[in-house]
Amino acid sequence: MGAPLRPSPPKKRANRKTPRRLLSQASRRPAPWAIPRRWLNSAIALFLLPIGFLLTVTFFDSFTGAALHSAFWASEEFWFFSLGAILWTLWFFGSIWTLHEPRPLRLYIFGHELTHAVWVWLMGGRVREFRVTREGGHIVTDTHNFWIALSPYFYPIYSIAVVAVYGVLNLFYNLASPASELLGVTALQWLFLAIGTTWAFHLSFTCWMIPKGQSDLTVHGTFFSTVVIYIMNLVVLTFLLILAGGVSCASFARQLLDNAGLFSEALWRAFAP
């Protein structure tokens with residue numbers, strides 16, 4: 001599992017197993033009657049499309065309601081998150097324009113491979129090799145599934161690290177007090193500034209990597225992988241909206257159920273005799 005960005009020189013050690021070779025051994029001799037995994041995943045992706053549609057509509061309904069009724073767009077959480085995202089976006093496209101590739105590239109590759117490793121550990125597997133260079137990276141593991149393969153494209157590891165650091169520091173210091181200001185910015189404002197920057201970092205590199213034909217995506221079917229990545233990123237964005245206080249979990253769940261009911265009714269009217 002990895003993020004190869006350009007052709008790498010041949011390895012000197014002939015006995016080195018790349019993650020692709022290791023993971024392909026399990027499916028080298030499929031049963032003659034077995035349905036190809038990509039076909040099955042494509043069928044699953046078709047059933048996931050309505051879920052993605054409902055989440056999208058619900059997210060924008062909730063965000064619009066928060067902006068109109070509770071003035072969420074005027075909150076400091078929204079503005080500092082947006083400021084971080086805008087600053088990173090300017091840097092990202094500026095580095096592509098001047099250096100012909102986004103920077104810092106190695107930081108992204110490290111986070112990409114570390115996310116693979118974290119999800120391997122979550123699945124109870126072992127990471128036997130972890131390698132990161134500026135040209136790319138890979139890990140060798142004894143466990144593989146589509147969650148592990150796609151995790152770097154929807155799991156913003158640096159944003160999660162920022163929230164974790166803030167939570168740990170808050171155990172020892174009262175970060176909500178006015179005395180915790182730095183350069184005239186409160187700790188909570190710094191938090192949302194960092195979350196906006198790191199989430200935009202994750203989103204920009206994800207959009208930059210997907211069209212490059214990564215084997216993380218093609219091994220399970222590009223269509224299936226793209227649908228899962230979209231839905232999971234929308235779930236993460238919804239979590240950030242709830243974290244910022246724009247909506248509550250209960251109100252979002254009610255809105256989702258209402259939209260699901262309207263969608264089911266529309267389907268029934270369209271296909272019922």
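Below 30°, between 30° and 60°, or above 60°: for F201 and Y158 the angle between ring planes is above 60°, a perpendicular geometry. Taking the six-membered ring where the residue is Trp, W199 and F81 present tilted rings, their angle falling between 30° and 60°. Ring geometry for W88 versus F92: interplanar angle of 30 to 60°, hence tilted.
The distance from the CD1 atom of I160 to the CD1 atom of I195 is 10.5 Å, given to the nearest 0.5 Å. A distance of 6.0 Å separates CE in M209 from NE2 in H112, rounded to the nearest 0.5 Å. Taking OG1 of T198 as the start and CD1 of I157 as the end, the distance is 11.5 Å to the nearest 0.5 Å.
Under a 3.5 Å cut-off, the side chain of S248 and the backbone N or O of S251 do form a donor-acceptor pair. A donor-acceptor contact shorter than 3.5 Å is absent between the side chain of T115 and the backbone of P152.
Remark: the N145 side chain and the H220 side chain contain no N/O donor-acceptor pair separated by less than 3.5 Å. There is no side-chain donor-acceptor pair under 3.5 Å between S225 and T222.
With V227 as the fixed residue, the side-chain contact (heavy atoms from CB on, under 4.5 Å) test singles out one of L48, L46, I44, N41: L48.
Cluster membership check: I51 does not share its hydrophobic cluster with F47, using side-chain heavy-atom separations under 4.5 Å among Ile, Leu, Val, Met, Phe, Trp and Tyr.
Partners of R103 by salt bridge (charged side-chain N to carboxylate O under 4.0 Å, His left out), not counting sequence neighbours, listed by chain and number: E101.
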